[in-house]
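Each remark here refers to the structure printed beneath this line.
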Number of protein chains: 2
Amino acid sequence: MYGNNRHHGRGGGHRGQDRMMGRSLVRMMQPAMLILLNRGPVHGYALMDQLTEEFSIPVMNPNQVYRALRHLEGVGAIESDWDQDESQGPPRRVYRLTSDGHEMLDFWVKDLEETRSILDRILKAYQEDVS
Amino acid sequence: MYGNNRHHGRGGGHRGQDRMMGRSLVRMMQPAMLILLNRGPVHGYALMDQLTEEFSIPVMNPNQVYRALRHLEGVGAIESDWDQDESQGPPRRVYRLTSDGHEMLDFWVKDLEETRSILDRILKAYQEDVS
DNA sequence: ATTAACTATTGACAAAGTGTAAATAATAAG
DNA sequence: CTTATTATTTACACTTTGTCAATAGTTAAT
């Protein structure tokens, strides 16, 4: 079983926060994946682990990762082949960045930086409001 | 005409970045709106302006804002009434936070903070990779 | 007074994205 | 041989988003 059911707790009250419109890390996953792929070829399952372990992006379902990979391949950002030296399990599809993918990574990094500055502005505004 | 067509440029090359899966500020808009609503009642059009001017969230289409407002009302985070003292235009629907909305705001702020830390981790990792 | 521009909200439909569950399959451990 | 783990794929309903346009009141110009 893939290991995290703790997609924000359901322990409090917070009706309606488990599934709704709002900020969503699924949307952050894609750029993050390109960054990881930039280090070299990987297969989906490993990528999934890195997303959780290195970035703490909660991947609730492996399908999300495979989905995103297929999407990235669809737009030509990555390419794949079946792995030769297979290991503990069924054959693995290994992905690598294309040159278009590198361009896209560039774009997304700038975009993420802009996002961060917007996020900072939002949080700062709130902190000033409540202080 | 509502004033911003500059939803990241289409000027470069970057095939496929205008419309796709990836990070999306639309998803950031909702928590931002709650923060603005926390200051007091507002109507949609004003909210739209504040999102762009104060937070630099590019709202390409006013519909997005109204949609989000209807959604937030649907989940009980906000309530609305028609404005009494009407001004330059047709009647305006004025929204205010409910107590559920305050709870939700609390939740989203913590969530945004977590998002920021993930974002930081992602960008930091990339900067270390390329340096 | 007709037109144009701005303020303000709503509607509708196609396309894209997401949650969720499960099927498939190979290998390793017991 | 059964179970657990690794690994990828499929399917369907539901939600969200893009896009475009309709509606309508107010203000300013011709």
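Everything numeric here is computed off the predicted structure, so don't read it as measured data. Just so it is clear: chains get the letters A, B, ... in the order the sequence lines come, proteins before strands, and each one is counted from 1.
One distance of note links CD1 of B/Ile35 with NZ of A/Lys124; it measures 14.0 Å at 0.5 Å rounding. Taken to the nearest 0.5 Å, the CD1 atom of B/Ile118 stands 12.5 Å off from the CD atom of B/Glu113.
B/Leu72 places its CG atom 16 Å from the P atom of D/dT15, with the value rounded to the nearest Å. Summarising the geometry, the separation between CZ on A/Arg93 and C1' on D/dT9 is reported as 10 Å, rounded to the nearest angstrom. Atom pair B/Gln64:CD and D/dT16:P shows a separation of 14 Å (rounding to whole Å applied). Atom CG of B/Asp49 is separated from atom P of C/dT7 by 8 Å (rounded to the nearest Å). Following rounding to the nearest Å, B/Arg27 (CZ) and C/dA16 (C1') show an atom-to-atom distance of 11 Å. Whole-Å rounding puts the A/Met29 CE to C/dG17 P distance at 12 Å. Rounding to whole angstrom units, OH of residue B/Tyr45 and C1' of C/dC6 are separated by 7 Å. Atom P of nucleotide C/dA8 and atom OH of B/Tyr95 are separated by 14 Å, given to the nearest angstrom.
Annotation: side chain of B/Val42 is in contact with side chain of B/Gln50 (closest heavy-atom distance under 4.5 Å). Taking the side chain as every heavy atom from C-beta outward, A/Glu73 and A/Tyr95 approach each other to under 4.5 Å. B/Val109 has its side chain within reach of A/Leu123: a pair of non-hydrogen atoms, C-beta onward, lies under 4.5 Å apart.
Counting only residues at least two apart or in different chains, salt bridge (charged side-chain N to carboxylate O under 4.0 Å, His left out) contacts with residues 47-59 of chain B comprise B/Arg39-B/Glu54.
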Identify each atom pair where a protein N or O and an N or O of nucleotides 11-14 of chain C are less than 3.5 Å apart, giving names and distance.
residue: C/dG11; atom: O6; partner: B/Asn63; partner atom: OD1; Å: 3.2
residue: C/dG11; atom: O6; partner: B/Asn63; partner atom: ND2; Å: 2.1
residue: C/dA12; atom: N6; partner: B/Asn63; partner atom: ND2; Å: 3.2

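Residues satisfying the salt bridge (charged side-chain N to carboxylate O under 4.0 Å, His left out) criterion with B/Arg121, sequence neighbours excluded, are absent altogether. With sequence neighbours excluded, no residue forms a side-chain hydrogen bond (donor to acceptor under 3.5 Å, both in side chains) with A/Asn63. Under the side-chain hydrogen bond (donor to acceptor under 3.5 Å, both in side chains) criterion, B/Ser117 pairs with no residue at all, not counting sequence neighbours.
Using a 4.0 Å cut-off, no side-chain N or O of A/Tyr66 falls inside it from OP1 or OP2 of D/dT9.
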Problem set entry | Footprint string (nucleotides 24-30 of chain D, 5' to 3'): B base within contact, S backbone only, - free, heavy atoms under 4.0 Å | BBS----
